[in-house]
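Before any comments, here is the structure.
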Amino acid sequence: MGTSLDIKIKRANKVYHAGEMLSGVVVVSGKDPVQHQGLFLTVEGTVNLQLSAKSVGVFEAFYNSVKPIQIINSTLEMVKPGKFPPGKTEIPFEFPLHVKGNKVLYETYHGVFVNIQYTLRCDMKRSLLAKDLTKTCEFIVHSAPQKGKLTPSPVDFTITPETLQNVKERALLPKFLIRGHLNSTNCVITQPLTGELVVESSEAAIRSIELQLVRVETCGCAEGYARDATEIQNIQIADGDVCRSLSVPIYMVFPRLFTCPTLETTNFKVGRAQWGRGTHVSREGSNSAFARLTKGRPSLLTSTTR
């Protein structure tokens, strides 16, 4: 076994907030002594604006001119040139998560147009005859908890063949009536979306009822804006022919890396979501019917309520 590098962050969930101390150890392992020209640790946070396949030919000029937005970048020399002994060597480190000027530590987010990522990179410089070693580790940044109390904004909804969208042959759909409500459309991102629905009637047998989370991103410039809606989660809340007039609970946990609090900046906007559901009705293999649960767009708040 040759020489290896590893980064171990102190917190198991790797979640930190602005102003906190990022700490852990760098582990150097090898069965023989390791000669090196220095060990360096770099913490980096960037916002990358990337081109979606749906907008090819529209924003190439814009994306080619926009470089990644650097939020934080700092390098620390952990060990001066020398030699590591055989076996395992652990070097502790600490990094304060502070930004300069009026920059903001945006929350970690992996999207279509926008990618906000924070990484730790350890580099071991070696002689010309030996290849440099590099190890990268991602950590997660969340916004600081917000004080205050969230005012619930419940919404009732009704789903019928007449309320469906993007349906060409509406007359061929079986008749059905589904009612329900969401407890709030102003959601705390660390808490689940909750509510219930009731199947009042349906001419055909129901196969399943699913809840779909659709993420909407908008990115633009002077030439125009690109908007992309992406399904990032689909969960089944009922299976089989649901009993009529029986309340079916709605409970969805947000996938944290692919959703984030509503965020609006000069160049991009992310975090708003539209809610839909699929009601699969079995009648000679008829297609699934999709409609929107709510007219509004639930906004996602940070880890505590406003």
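Residue numbers count from 1 along this sequence.
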*Straight-line distance of His142 NE2 to Ile189 CD1, nearest 0.5 Å*: 7.5 Å

_Between Asn115 (side chain only) and Asn48 (backbone N and O only), is there a donor and an acceptor less than 3.5 Å apart?_
no

*Just by modelled atom types, is the Gln70 backbone N or O under 3.5 Å from a matching donor or acceptor in the Lys103 side chain?*
yes

*Ser4 side chain reached by Ser29 side chain, heavy atoms, under 4.5 Å*: yes

*asked:* Whether the Thr136 and Thr119 side chains hold a donor-acceptor pair (N or O, under 3.5 Å, no angle test) is what I'd like checked.
replied: no

*Any idea which heavy atoms bring Cys187 and Leu193 closest together, and the distance?*
SG-CD1, 3.8 Å

*asked:* Check this for me, if you would: do Glu196 and Arg179 make a salt bridge, where the nitrogen-to-carboxylate-oxygen distance has to be below 4.0 angstrom?
replied: no

*asked:* Please give me the minimum heavy-atom distance between Tyr109 and Phe258, naming the atom from each residue.
replied: CE1-O, 3.5 Å

*Would Phe40 and Phe139 show up in the same hydrophobic cluster when neighbours are defined by side-chain heavy atoms closer than 4.5 Å?*
no

*Cluster question for you: counting only ILVMFWY and a side-chain heavy-atom cut-off of under 4.5 Å, with indirect links fine, are Ile178 and Val198 together?*
no

*Ile7 versus Lys135, closest heavy-atom pair with distance*: CD1-O, 3.5 Å

*Check whether any side-chain heavy atom of Glu138 sits under 4.5 Å from a side-chain heavy atom of Gln117, and report yes or no.*
yes

*Please assess Leu211 against Ile235 for the test side-chain contact (heavy atoms from CB on, under 4.5 Å), listing each intermediate value before the final yes or no.*
CA-CA 5 Å; Leu211 186 64; Ile235 62 173; 4.0 Å; yes

*Are any side-chain N or O atoms of Arg11 and backbone N or O atoms of Val15, one a donor and one an acceptor, separated by less than 3.5 Å?*
yes

_Quick check for you: to the nearest 0.5 Å, what is the distance between Ile232 atom CD1 and Leu213 atom CG?_
4.0 Å

*asked:* With a 4.5 Å cut-off on side-chain heavy atoms, are Met124 and Asp132 touching?
replied: no

*Straight-line distance of Cys137 SG to Ile9 CD1, nearest 0.5 Å*: 3.5 Å

*Go through the steps for Leu76 and Phe95 under the test side-chain contact (heavy atoms from CB on, under 4.5 Å), then give the verdict.*
CA-CA 9 Å; Leu76 171 70; Phe95 260 118; 3.7 Å; yes

_Rounded at 0.5 Å granularity, tell me how far CG in Leu164 sits from CD in Glu162._
8.0 Å

*State, without any angle test, whether Gln236 and Glu210 hold a side-chain donor-acceptor pair at a distance under 3.5 Å.*
no

*Evaluate the side-chain proximity of Leu120 to Val43: yes if any heavy-atom separation is below 4.5 Å, no if none is.*
yes

*asked:* Please find the pair of heavy atoms, one from Tyr16 and one from Met21, that lie closest to each other, and give the distance.
replied: CE2-O, 3.4 Å

*asked:* Counting C-beta onward and ignoring hydrogens, is there a side-chain heavy-atom pair between Val27 and Thr89 closer than 4.5 Å?
replied: no

*Find the distance between CD (Glu200) and OG1 (Thr160) and round it off to the nearest 0.5 Å.*
12.5 Å

_Please tell me whether Phe157 and His181 form a close aromatic pair, meaning their ring centres lie under 6.0 Å apart._
no

*asked:* Can you list everything that forms a salt bridge (Lys or Arg N to Asp or Glu O under 4.0 Å) with Lys83? Sequence neighbours excluded, please.
replied: none

*Decide yes or no on side-chain contact (heavy atoms from CB on, under 4.5 Å) for Phe84 and Val79, but give the supporting numbers first.*
CA-CA 10 Å; Phe84 287 114; Val79 180; 4.1 Å; yes

_Among Ile140, Val141, Thr46, Leu22, which residue satisfies the side-chain contact (heavy atoms from CB on, under 4.5 Å) criterion with Tyr118?_
Val141

*asked:* Pair Thr194, Leu182 - check side-chain contact (heavy atoms from CB on, under 4.5 Å), show working.
replied: CA-CA 6 Å; Thr194 57; Leu182 297 177; over 6 Å; no

*Say whether Ser153 and Asn186, considering side chains only, have a donor N or O and an acceptor N or O under 3.5 Å apart.*
no

*With a 4.5 Å heavy-atom cut-off, do Val28 and Ile91 have their side chains touching?*
yes

*Got a second to check how far Lys8's NZ is from Glu90's CD, nearest 0.5 Å?*
6.0 Å

*Do you know the tightest heavy-atom contact between Cys122 and Leu39?*
SG-CD1, 3.6 Å

*State, to 0.1 Å, how close Asn183 and Pro152 come at their nearest heavy-atom pair, and which atoms those are.*
O-CB, 4.2 Å

_Side-chain heavy atoms of Leu5 within contact of Val26, under 4.5 Å_ = yes

*Test: Lys10 and Glu94 ion pair at under 4.0 Å*: no

*Below 4.0 angstrom, N of the basic side chain to O of the carboxylate: do Asp123 and Arg121 qualify?*
yes

Atom pairs and distances, donor-acceptor, side-chain atoms in residues 245-255, under 3.5 Å, two or more places apart:
none

*Side chain proximity check, Ile71 to Val104, heavy atoms < 4.5 angstrom*: no

_List the residues meeting side chain to side chain donor-acceptor pair (under 3.5 Å) with Glu44, not counting sequence neighbours, and say none if there are none._
none

*asked:* Has Arg244 got a side-chain atom pairing as donor or acceptor with Val242's backbone, closer than 3.5 angstrom?
replied: yes

